[in-house]
Amino acid sequence: MAEPRRAPGRPRDTSINERALAATRELLVQRGFDATTIQAVAEHSGVHASAIYRRWPSRIELIEEATFPGLSPLSVRPTGDLRRDLRRFIRAYLAAFGAPAARAAAAGLFAHSRTSNRPRPPEMLLRVSARPQFQDILRAAPTGTVDPAVDPDDVFDMLLGAVLTRTLLSTVTARNRPVERTVEMILRMLRPLDGPPI
């Protein structure tokens with residue numbers, strides 16, 4: 001004899017995640033990193049604190065997901081056109097770090113990472129490192145356009161520094177330099193010494 005089927009429980013409220021994430025972004029911009037606590041997010045979003053804790057173990061994970069969701073694969077998929085691919089990659093990176101909530105959260109997240117038992121490099125704020133995506137772009141470049149003696153990790157570190165400086169330091173942000181300047185600098189670092197301009 002078959003066992004009777006159990007009645008399903010209450011359907012999961014799919015809006016809880018987005019309400020909590022949206023409230024986190026708003027609080028970061030309005031009140032700052034230190035004031036963006038689980039309790040504040042619960043009050044601002046109308047989501048019970050226990051429901052937030054079931055999804056995120058601490059406010060750090062909640063803030064990371066709210067502010068640095070990651071780069072869209074479509075925005076960084078290599079096409080083989082190195083200049084174009086770098087331009088798209090850098091724009092996606094700048095957009096991720098340049099959003100108001102991300103700028104409000106970045107300093108606090110960096111400080112937490114430095115004091116954490118499990119420190120992570122700054123690029124990991126994007127939840128998945130963009131370093132492999134950058135390396136995919138270089139691998140897809142036409143033969144002869146990237147110097148094989150250049151360490152792609154060194155170039156990525158320089159690019160990451162440029163992105164963080166450009167998005168987080170107001171004096172640099174105010175200069176409003178075009179993305180093409182950063183693209184050109186990265187291309188110069190990658191170009192073989194005897195290679196043609198890209």
What pair of heavy atoms forms the shortest contact from [X] to [Y], and how long is it?
| X | Y | value |
| --- | --- | --- |
| Ala106 | Phe68 | CB-CZ, 4.4 Å |
| Ala104 | Leu28 | CB-O, 3.4 Å |
| Trp56 | Glu65 | NE1-OE1, 2.8 Å |
| Val155 | Ile186 | CG1-CG2, 3.9 Å |
| Pro192 | Thr145 | CD-O, 3.5 Å |

Regarding Asp153 and Arg131, does a basic nitrogen lie under 4.0 Å from an acidic carboxylate oxygen?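 The answer is yes: the pair qualifies as a salt bridge.
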I'd like to know if Glu180 and Arg91 make a salt bridge, using a cut-off of under 4.0 Å between side-chain N and carboxylate O.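 Answer for the salt bridge query: no.
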Scan residues 134-143 for pairs that pass salt bridge (charged side-chain N to carboxylate O under 4.0 Å, His left out), counting only residues two or more places apart or in two chains.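 Qualifying pairs, neighbours excluded: Asp136-Arg139.
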By side chain to side chain contact (heavy atoms under 4.5 Å, CB included) - contacts of Thr143 (at least two apart):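 Not a single residue meets the side chain to side chain contact (heavy atoms under 4.5 Å, CB included) criterion with Thr143.
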So, using side chain to side chain contact (heavy atoms under 4.5 Å, CB included) as the criterion, who are the partners of Met158 when residues are at least two apart?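 Partners of Met158 by the side chain to side chain contact (heavy atoms under 4.5 Å, CB included) criterion, ordered by chain and then number, come out as Met189.
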Identify the residue among Arg88, Arg83, Arg87 that makes a salt bridge (Lys or Arg N to Asp or Glu O under 4.0 Å) with Asp85.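 Of the listed residues Arg88, Arg83, Arg87, the salt bridge (Lys or Arg N to Asp or Glu O under 4.0 Å) partner of Asp85 is Arg88.
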Measure from NZ or CZ of Arg59 to the centre of the six-membered ring of Phe33 and say whether it is under 6.0 Å with the direction within 45° of the ring axis.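 Arg59 over Phe33 ring: yes.
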Name every donor-acceptor pair, under 3.5 Å, that has one atom in a side chain of residues 44-52 and the other anywhere in the protein, sequence neighbours excluded.
residue: His44; atom: NE2; partner: Glu26; partner atom: OE1; Å: 2.7
residue: Ser45; atom: OG; partner: Val41; partner atom: O; Å: 2.7
residue: Ser45; atom: OG; partner: Val47; partner atom: N; Å: 3.1
residue: His48; atom: ND1; partner: Ser50; partner atom: N; Å: 3.1
residue: His48; atom: ND1; partner: Ser50; partner atom: OG; Å: 2.9

Which residues pass the salt bridge (charged side-chain N to carboxylate O under 4.0 Å, His left out) test with Arg25, sequence neighbours left out?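 Here the qualifying residues are Glu18.
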Residues two or more places apart in sequence or in another chain: which of them pass salt bridge (charged side-chain N to carboxylate O under 4.0 Å, His left out) with Arg188?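 In terms of salt bridge (charged side-chain N to carboxylate O under 4.0 Å, His left out), with neighbours along the sequence ignored, Arg188 is linked to Glu184.
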To the closest 0.5 Å, what do you measure between CG (Leu138) and CG (Leu190)?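 Between atom CG of Leu138 and atom CG of Leu190 there are 5.5 Å.
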Using modelled atom types only, decide if a donor and an acceptor are shared between the side chain of Arg166 and the backbone of Gly161 within a distance under 3.5 Å.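 No; zero donor-acceptor contacts below 3.5 Å.
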